[in-house]
Amino acid sequence: MSAQQTQYLGTGRRKTSVARAYMTPGTGVITINGKSLDEYLPMDTLKMVVRSPFEVTDTVNQYDVKLNVYGGGFNGQAGAIRHAITRALLNVSIDYRPALKSAGFVTRDARKKERKKYGLKGARKAPQFSKR
């Protein structure tokens with residue numbers, strides 16, 4: 001990478017996954033933890049989730065993205081990657097914000113697994129009740 005080539009950073013989170021995106025102007029190559037997008041993610045729906053911020057902003061094949069992702073499973077990681085790419089695109093140009101916001105990509109999805117409570121079998125499931 002040359003000294004004057006710009007790099008845009010974005011951090012995304014979803015459930016327990018964290019993704020860091022390093023975006024540079026290029027040809028649309030997406031690398032996740034040293035592997036290509038097709039190698040890393042098993043399902044086509046998750047690949048669509050990852051590419052969706054570029055489709056919304058009409059920037060398909062304009063940026064190369066190098067991603068570091070850890071924690072969670074494939075679904076959470078795909079959501080974290082989408083959030084990271086969205087934040088990196090916002091660093092490129094603030095003009096992308098309305099389109100990304102209306103698609104719902106700017107807001108972090110705060111849903112997480114609820115903790116198990118004492119006296120219960122799970123987060124909410126209670127043991128069977130009997131009067132006698």
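Values in this document were obtained by computation on a predicted structure and should not be read as measured data.
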### With S93 via side-chain contact (heavy atoms from CB on, under 4.5 Å) - residues at least two apart
D95, Y96

#### Entry: side-chain contact (heavy atoms from CB on, under 4.5 Å) involving K116 - partner list, sequence neighbours excluded
none

### Task
Could you list the residues that satisfy side-chain contact (heavy atoms from CB on, under 4.5 Å) with R82, not counting sequence neighbours?
V49, S52, P53, T86, F105

#### Entry: For N68, side-chain contact (heavy atoms from CB on, under 4.5 Å) partners two or more places apart
R20, Y22, N33, K66

### Query
Do Y40 and L67 pass the side-chain contact (heavy atoms from CB on, under 4.5 Å) test, and can you show the C-alpha distance, the side-chain angles, and the key distance before you say yes or no?
CA-CA 11 Å; Y40 191 80; L67 291 139; over 6 Å; no

### Query
Which residues pass the side-chain hydrogen bond (donor to acceptor under 3.5 Å, both in side chains) test with R111, sequence neighbours left out?
D109

### Query
Can you pull the salt bridge (Lys or Arg N to Asp or Glu O under 4.0 Å) pairs that have at least one residue in residues 36-52, sequence neighbours excluded?
D38-K47, D38-R51, D44-K47

#### Entry: With T57 via side-chain hydrogen bond (donor to acceptor under 3.5 Å, both in side chains) - residues at least two apart
T59

### Message
Which label fits Y63 and Y8: parallel for a plane angle under 30°, tilted from 30 to 60°, or perpendicular past 60°?
### Response
perpendicular

### Summary
Across all chains, not counting sequence neighbours, the salt bridge (charged side-chain N to carboxylate O under 4.0 Å, His left out) partners of K117 are E114

### Query
Between the main-chain N or O of V60 and the side-chain N or O of E55, is there a donor-acceptor pair closer than 3.5 Å?
no

Using residues 125-132 as the side-chain source, report each donor-acceptor pair under 3.5 Å to any protein atom, sequence neighbours left out, with the distance given to one decimal.
{"residue": "S130", "atom": "OG", "partner": "R132", "partner atom": "O", "Å": "2.8"}

### Task
Just jot down the side-chain hydrogen bond (donor to acceptor under 3.5 Å, both in side chains) partners of K121, sequence neighbours excluded, or say none.
none

### Task
Using the test side-chain hydrogen bond (donor to acceptor under 3.5 Å, both in side chains), find all partners of T45 that sit at least two apart in sequence or belong to another chain.
none

